[in-house]
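Residue indices begin at 1 and follow the sequence shown. Remember, it's 1-based here, ligands and their atoms both numbered in the order they're listed.
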Amino acid sequence: MRILFLVLAFVSASAFSQQREKEGVEVQKSRLLLLPASTVERSATQQYQQLMRAAAQKGLLNNDKAQLERLRAIARELIPHSQRFNKNAAKWQWEVNLITSKSVNAFCMPGGKIAFFTGIIDTLQLSDDEIATIMGHEIGHALLEHGRARMSEQVLKNVGISVAAAVFNLGQVSGELLAQAANLAVSLPYARRQESDADLVGLELAARAGHDPRAAVVVWQKMSGLARVSAKGGSGQPPQFLSTHPSHQNRIKEIEANLPKVLPLYHRKRNP
Ligand SMILES: [Zn+2]
């Protein structure tokens with residue numbers, strides 16, 4: 001009897017751990033990663049530092065302690081879970097800054113360089129959970145190396161396939177070209193598949209950090225509301241965020257369909 005009980009306990013424990021392993025979202029790895037991750041991260045870091053210096057010189061690097069600490073606290077909650085999607089993330093020198101700008105925008109460059117614009121927080125009146133899902137989405141792009149794929153693509157386009165082999169040594173690639181590619185990595189729209197995957201990573205990071213992943217639905221509702229207002233000739237620009245993260249009709253539906261995969265993680269974190 002006792003043995004039977006032990007066996008049953010073992011079976012149910014392994015079924016439970018299997019179920020736990022199945023929890024979370026499924027995403028695709030990037031292809032066409034011609035440029036080494038270290039090169040991409042170094043170049044992105046230089047671009048990020050230049051951008052922050054330029055913002056500081058113009059007095060636009062926001063030092064509002066409460067707002068900055070709010071962003072950095074959310075990042076500290078999300079980051080420990082990032083290795084589930086990219087093991088190298090453990091070595092990243094993460095940075096979070098706030099830029100004073102009406103632009104409704106946020107990004108995370110390769111290597112974990114995050115920036116939020118005051119415009120996205122103020123215009124959309126973001127809650128902490130909503131910030132967590134946006135930041136998680138941006139971190140998702142970096143973890144899935146969408147920027148690295150884009151930079152590789154750009155460099156290939158510019159130096160030509162014939163010297164692609166040489167690119168592995170990077171002797172042929174000028175710093176300028178890399179810088180250009182790094183800029184494009186955050187200023188061009190992502191593909192739909194990349195957007196969906198970044199959404200999923202964002203949901204899971206937020207949920208594991210104890211932020212309600214359902215906030216992602218609210219974010220996209222607010223975002224499309226804002227786009228509708230500006231399309232009707234209302235005040236303000238269309239959100240910059242939408243030009244780099246094209247919304248599609250099914251986005252909210254896809255997020256909602258994936259919530260059951262991450263809500264248990266959120267509930268467990270909230271009520272351990
Ligand atoms: Zn995106």
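Less than 6.0 angstrom separates the ring centroid of Tyr190 from the ring centroid of His141.
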Worked check of salt bridge (charged side-chain N to carboxylate O under 4.0 Å, His left out) between Glu254 and Arg192: CA-CA 12 Å; Glu254 277 178 26; Arg192 177 173 168 163; 3.2 Å; yes

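Atoms CG and CD, from Leu124 and Gln221 in turn, are 12.0 Å apart once rounded to the nearest 0.5 Å. To the nearest 0.5 Å, atom CG of residue Asp212 and atom OG1 of residue Thr133 are 9.5 Å apart.
Only protein atoms were considered; those of element N, O or S under 2.8 Å from the Zn ion (ligand 1) number 4.
Side-chain atoms of Gln67 and Arg70 include a donor-acceptor pair closer than 3.5 Å. Side-chain atoms of His137 and Glu195 form a donor-acceptor pair, as typed in the model, at a separation below 3.5 Å.
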